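Since the structure is predicted, the reported quantities are computational estimates derived from the model, not experimental observations.
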Amino acid sequence: MYQCLVCGFPFLKEEPYDEGYTGSFEICGCCGFQYGYDDYDRPEIDYEVLSEEEAIKLSHKMYRDEWRQQKFPVFDPSLFNKQDLLNGCLLELHMNQHFKNRGLL
């Protein structure tokens, strides 16, 4: 399993990108980010100015910030214990600590 670069959960079956930053098109079961799609679907990012790595990292940050604002809705609730979810969302207190532990804040 591989760790999602957006939410930090280890649910990915494939590496998110190859060495040329081509996305796997896998969807994270936790945050719902789709590699190779959501990272290149941001009109507010100037893909002509930034390197691919910079643009991808910025798209991850933007998606993560929006996911946090939405209170961490889970894409596939079957991956989690029911006590870890509240109305289909991960508990905010746990997620803030999770992000801090993985350097995603």
Side-chain angles (χ1 to χ4, degrees):
M1 293 291 216
Y2 296 92
Q3 179 175 303
C4 177
L5 302 172
V6 174
C7 69
F9 278 88
F11 296 137
L12 300 178
K13 294 178 180 136
E14 301 177 41
E15 285 194 64
Y17 301 101
D18 66 16
E19 56 278 343
Y21 292 105
T22 301
S24 66
F25 290 98
E26 184 173 0
I27 298 172
C28 175
C30 180
C31 69
F33 188 87
Q34 184 176 17
Y35 291 91
Y37 179 77
D38 288 323
D39 35 16
Y40 293 105
D41 190 32
R42 306 294 312 207
E44 57 270 59
I45 295 177
D46 190 344
Y47 295 96
E48 301 295 321
V49 174
L50 299 174
S51 70
E52 273 196 270
E53 181 179 9
E54 291 170 324
I56 286 171
K57 286 182 177 181
L58 181 56
S59 72
H60 293 167
K61 181 187 179 322
M62 294 169 80
Y63 192 96
R64 184 182 311 113
D65 289 347
E66 290 170 0
W67 188 60
R68 287 181 75 199
Q69 289 173 355
Q70 296 169 4
K71 304 294 184 196
F72 310 107
V74 171
F75 185 76
D76 182 358
S78 71
L79 296 172
F80 294 88
N81 294 321
K82 291 184 191 251
Q83 66 267 19
D84 294 332
L85 300 175
L86 179 63
N87 298 322
C89 296
L90 292 166
L91 302 175
E92 189 169 359
L93 178 65
H94 295 131
M95 286 307 298
N96 288 332
Q97 189 61 47
H98 169 82
F99 282 152
K100 286 178 188 173
N101 292 344
R102 284 161 181 75
L104 296 173
L105 279 180

Are side-chain N/O atoms of Gln69 and Asp65 paired as donor and acceptor at under 3.5 Å?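 Side-chain D/A pair, Gln69 to Asp65: absent.
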Among side-chain atoms of Asp39 and Tyr17, is any donor-acceptor pair under 3.5 angstrom?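 Per modelled atom types, Asp39 and Tyr17 side chains form a pair under 3.5 Å.
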- So Tyr47 and Tyr40, would you call those rings parallel, tilted or perpendicular, with 30° and 60° as cut-offs?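 Answer is tilted, since the angle falls between 30° and 60°.
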Transitively linked via ILVMFWY side-chain contacts under 4.5 Å: [X] with [Y]?
{"X": "Trp67", "Y": "Ile27", "value": "no"}
{"X": "Leu58", "Y": "Phe99", "value": "no"}
{"X": "Leu5", "Y": "Tyr21", "value": "yes"}
{"X": "Met62", "Y": "Phe72", "value": "no"}
{"X": "Ile56", "Y": "Leu104", "value": "no"}

| query | Any sub-3.5 Å donor-acceptor pair from Asp18's side-chain atoms to Gly20's backbone N or O? | reply |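 Here the side-chain-to-backbone pair exists.
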Q. What's the verdict on ring pair (Phe, Tyr, Trp, His ring centres under 6.0 Å) for Phe9 and Phe80, showing C-alpha distance, side-chain angles and the deciding distance?
A. CA-CA 11 Å; Phe9 278 88; Phe80 294 88; 5.5 Å; yes
| task | Evaluate the side-chain proximity of His94 to His98: yes if any heavy-atom separation is below 4.5 Å, no if none is. | result |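 No, every pair of side-chain atoms sits at 4.5 Å or beyond.
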Just do the side-chain contact (heavy atoms from CB on, under 4.5 Å) check on Cys4 and Cys30 with the steps written out, would you?
-> CA-CA 9 Å; Cys4 177; Cys30 180; over 6 Å; no
Tell me if the centroids of the rings in Tyr2 and Tyr35 come within less than 6.0 Å of each other.
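No, the ring centres sit 6.0 Å or more apart.
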Taking every non-hydrogen atom, the tightest pair across Phe25 and Gly36: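 It is CE2-O, 3.3 Å.
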